Amino acid sequence: MAELKIAHLYPEVLNLYGDRGNVICLKKRLSWRGISCTADKICLGEKKSLAGYDLLFIGGGQDFEQEVLLEDLRSGKGDEIRAAVEDGKTFLCICGGYQMMGHYYETIEGVKCEFLGAIDFYTKGGKERMIGNYAFHTGKDSGDCDVIGFENHSGRTILGSGVEPLGRILKGFGNNGEDGTEGVRYRNVFGSYSHGPILPKNPVFCDFLIRTALERKYGSFDLDPLDDGFENKAHDAVLKSVLDGTAGKEE
Ligand code: GLN
């Protein structure tokens with residue numbers, strides 16, 4: 001029987017806006033299909049090889065929480081994460097967890113967090129926070145779907161030349177509020193500013209992520225469809241409200 005092993009990195013430090021809901025959603029959509037799934041929490045200070053995992057999740061965090069990670073990343077976990085990235089393992093990295101994959105994040109106070117440099121981009125904090133419901137469309141090789149979410153970040157991310165964004169903004173800020181990009185796609189790493197959590201709100205993107213991880217592990221994989229009638233209705237209603245500017249203004 002097919003199995004997917006999930007690693008949830010830094011769950012005790014990086015879990016803004018219930019980002020751990022992404023792991024719950026992955027487990028649920030796998031179990032509904034009879035696909036075995038384990039999810040291990042890997043916390044600060046825990047020495048554990050990541051080689052045996054198929055999908056790795058890192059949530060979002062406040063500036064000071066990201067600073068807390070630095071020592072742990074330098075203690076060897078950073079090397080493990082970089083190796084897993086280059087090995088084509090599937091990652092979902094949200095906001096602070098996304099920023100951590102780049103060269104650095106310089107906070108608005110001028111604290112420069114030297115991060116992994118696993119992907120060629122950097123982030124600089126800005127005075128105005130980028131907050132709100134938003135929507136973007138993912139690239140052709142990243143699910144080619146509309147994604148809704150909630151963003152709240154000071155960081156402006158600038159992708160290196162030739163680095164592919166996860167998608168293009170339909171409404172909202174995204175990476176920096178200027179170049180119309182959102183997130184990053186590098187090998188099988190998917191980075192996004194999308195809290196929400198992103199996966200329960202976007203079943204098509206969630207299944208794309210699951211398929212990516214299973215195909216890397218088993219070659220091709222035929223993922224049975226689920227009855228997402230309600231999920232898609234909710235998704236489409238929120239997408240409409242984000243695009244017409246009424247999201248969050250419901251009476
Ligand atoms: N602290 C980072 C920023 O403000 C990330 C925030 C987050 O994870 N929501 O940009």
Side-chain angles (χ1 to χ4, degrees), residues 9-10 12-20 22 58-74 78 92-138 147-186 189-198 201 238-239 241-250:
L9 296 173
Y10 303 120
E12 81 285 25
V13 181
L14 298 179
N15 179 40
L16 277 188
Y17 296 106
D19 287 335
R20 65 188 175 89
N22 290 309
I58 314 174
Q62 300 171 74
D63 288 3
F64 77 90
E65 289 165 332
Q66 291 171 272
E67 292 161 39
V68 163
L69 300 177
L70 293 171
E71 195 189 324
D72 195 65
L73 290 172
R74 281 196 286 266
L92 176 65
C93 305
I94 299 297
C95 207
Y98 158 34
Q99 294 171 344
M100 181 182 108
M101 302 301 268
H103 296 296
Y104 64 85
Y105 169 46
E106 189 171 335
T107 70
I108 182 72
E109 290 77 27
V111 175
K112 191 166 183 182
C113 304
E114 298 292 348
F115 276 139
L116 297 180
I119 307 174
D120 180 19
F121 69 79
Y122 65 88
T123 303
K124 281 192 168 182
K127 215 153 106 353
E128 299 299 316
R129 292 194 69 80
M130 299 183 166
I131 300 177
N133 291 292
Y134 77 134
F136 57 95
H137 189 88
T138 64
V147 173
I148 53 173
F150 179 80
E151 59 184 328
N152 179 350
H153 53 106
S154 135
R156 275 83 170 141
T157 293
I158 305 297
L159 301 180
S161 59
V163 176
E164 197 181 324
L166 173 58
R168 295 272 162 198
I169 282 293
L170 298 172
K171 186 96 175 208
F173 298 102
N175 276 334
N176 49 52
E178 286 170 16
D179 65 9
T181 66
E182 156 58 9
V184 72
R185 162 71 193 273
Y186 171 75
V189 177
F190 302 88
S192 173
Y193 274 108
S194 188
H195 294 289
I198 181 176
K201 297 171 99 169
V238 172
L239 177 64
S241 72
V242 169
L243 296 180
D244 69 18
T246 57
K249 299 184 178 67
E250 291 79 9

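Hydrogens, waters and symmetry mates play no part in the numbers below; they use all other heavy atoms, side chains included. Bear in mind the structure is a predicted one, so any value in this text is a computation, not a measurement.
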Return yes when atom CD of Glu109 has more than 12 non-hydrogen atoms of other residues, nucleotides or ligands closer than 6.0 Å, and no otherwise. yes
Val184 side chain near Met101 side chain, heavy-atom distance below 4.5 Å: no
CG/Leu14 to CD/Gln62 distance, rounded to the nearest 0.5 angstrom? 10.5 Å
Looking only at heavy atoms, which two atoms of Leu116 and Gly78 are closest? And how far apart? CD2-CA, 3.4 Å
Ser154 backbone acceptor or donor facing Arg156 side chain under 3.5 Å: yes
Main-chain N/O of Ile198 paired to Ser194 side chain as donor or acceptor, under 3.5 Å: no
Within 6.0 angstrom of Glu71 CD, more than 12 heavy atoms from elsewhere: no
Do Leu73 and Tyr10 have side-chain heavy atoms sitting under 4.5 Å apart? yes
Short side-chain donor-acceptor distance under 3.5 Å, Asn152 and His195: no
Rounded to the nearest 0.5 Å, how far apart are CG of Leu70 and SG of Cys113? 5.0 Å
Hey, are the side chains of Ile148 and Phe136 touching, using non-hydrogen atoms and a 4.5 Å cut-off? no
Whether the side chain of Asp19 engages the backbone of Gly60 through a donor-acceptor N/O pair (distance < 3.5 Å, no angle test) should be reported. yes
Is a donor from one side chain sitting under 3.5 angstrom from an acceptor on the other, for Thr246 and Ser241? no
Of all heavy-atom pairs between Thr157 and Phe121, which one has the smallest distance, and what is that distance? CG2-CD1, 3.6 Å
Working for side-chain contact (heavy atoms from CB on, under 4.5 Å), residues Ile119 and Val189: CA-CA 9 Å; Ile119 307 174; Val189 177; 3.7 Å; yes
On a heavy-atom basis, which atom in Thr123 and which in Gly155 lie closest, and how many Å separate them? CG2-CA, 3.5 Å
How close do Ser192 and Leu166 get, counting heavy atoms only, and between which atoms? CB-CD2, 3.9 Å
Which value, rounded to the nearest 0.5 Å, describes the distance between Ile58 atom CD1 and Gln99 atom CD? 12.0 Å
Is there side-chain contact between Lys171 and Tyr134, with at least one heavy-atom pair below 4.5 Å? no
Atom of Asn15, atom of Arg20 and distance for their closest heavy-atom approach: OD1-N, 2.9 Å
Expected output: side-chain Asn133 to main-chain Val242 donor-acceptor under 3.5 Å: no
Distance from Glu182 atom CD to Asn176 atom CG, nearest 0.5 Å? 10.0 Å
Using side-chain heavy atoms (C-beta onward) and a distance below 4.5 Å, is Tyr17 in contact with Cys95? no
Sub-3.5 Å donor-acceptor pair from the side chain of Asp72 to the main-chain atoms of Leu69, do we have one? no
Under 4.5 Å between any side-chain heavy atoms of Lys112 and Glu114, yes or no? yes
Below 4.5 Å, heavy atoms only, C-beta onward: do Tyr105 and Phe115 meet side chain to side chain? yes
Rounding to 0.5 Å, atoms CG (Asp63) and CD (Glu106) come to a distance of 11.0 Å
Taking side chain as C-beta onward, heavy atoms only, is Met100 less than 4.5 Å from Gln66? no
Has the side chain of Asn175 got a donor or acceptor atom that lies under 3.5 Å from a matching backbone atom of Gly183? yes
Would the distance check show the side chain of Glu151 and the main-chain N or O of Gly174 forming a donor-acceptor pair, the cut-off being under 3.5 Å? yes
Where does the angle between the aromatic ring planes of Tyr193 and Tyr98 fall among parallel (under 30°), tilted (30 to 60°) and perpendicular (over 60°)? perpendicular
Determine, using ring centers only, whether Tyr122 and Tyr104 are less than 6.0 Å apart. yes
Which atom of Asp179 lies closest to which atom of Thr181, heavy atoms considered: OD1-OG1, 2.7 Å
